[in-house]
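Accompanying notes for the structure given below.
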Amino acid sequence: MNMFRFLGDMTHLFSVLVLLLKIHTIKSCAGISLKTQELYAIVFATRYLDLFTDYISLYNTVMKLVYLGSSLSIVWYMRRHKLVRRSYDKDQDTFRHHFLILPCLILALLINEKFTFMEVMWAFSLYLEAVAILPQLVLLQRTRNIDNLTGQYVFLLGAYRSFYILNWIYRYFTEVHYVHWITWISGLVQTLLYGDFFYYYFHSWKNNEKLQLPA
Amino acid sequence: EEETASHDEL
């Protein structure tokens, strides 16, 4: 475990906790895309299939349970909780995320590290995670005025994968035969998708003005 | 050959 990866995991954990905190305290999910949350739940469910078969470390297992639990509870809140679901603007959150799932599945069947169920599911979860933020970014463009917590949530989510890229570079140079093209390319695409959001986020932060994304 | 050992990253 190197510093970059630990920082990445903590940033990712913090992004999820910021979101859960927002939903739980103000009982609102305004500005949050349910589609992205559902995609993340699928990402974790398909990536952590080895939760009970491969024990790597206590840290690894605990973090998997936390990610699974938090993403499922966010989806539950946004779908079932009587107060929270009222603040979900479904007519704005219209990204057809089903169109993301099938191509990722087909790609995983074609490009994987080994043609086994677990490895195909693992590759699928990486491809899906790379594009899972799209519904949320589209929703931000639509709703324009982004409240602080949502902006912080998306920023932290983008930052976590950036730390992971540093982790992969570090591991490439320090570990023999550490090569995972699938992970690296997916992670790079994922981070690039946040590019313009980061640009506007830093601008709003620098000029100390409300974060506005161009229409 | 990329090792397909268990994936140790989250």
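- By the ring pair (Phe, Tyr, Trp, His ring centres under 6.0 Å) test, Tyr77(A) pairs with His81(A), sequence neighbours left out.
- Within the 4.5 angstrom heavy-atom criterion, only side-chain atoms of Asp9(A), from C-beta onward, approach chain B.
- Counting heavy atoms of neighbouring residues, nucleotides and ligands inside a 6.0 Å radius, atom OH of Tyr170(A) does not exceed 12 of them.
- Between the side chains of Glu9(B) and Asn167(A), at least one donor N or O sits under 3.5 Å from an acceptor N or O.
- Atom CZ of Phe6(A) sits in a sparse spot, with 12 or fewer heavy atoms from other residues, nucleotides or ligands closer than 6.0 Å.
- One finds the NZ atom of Lys64(A) at 7.0 Å from the CG atom of Leu10(B) (value rounded to the nearest 0.5 Å).
- More than 12 heavy atoms of other residues, nucleotides or ligands sit less than 6.0 Å from atom CH2 of Trp76(A).
- The environment of NZ in Lys27(A) is crowded: more than 12 heavy-atom neighbours from other residues, nucleotides or ligands sit within 6.0 Å.
- Among Tyr164(A), Tyr59(A), Phe44(A), the residue with the largest count of heavy-atom pairs under 4.5 Å with chain B is Tyr164(A).
- Here the side chains of His7(B) and Arg47(A) are not in contact, with every heavy-atom distance at 4.5 Å or above.
- Put simply, CG on Asp8(B) and CD1 on Ile56(A) are 5.5 Å apart, with the number rounded to the nearest 0.5 Å.
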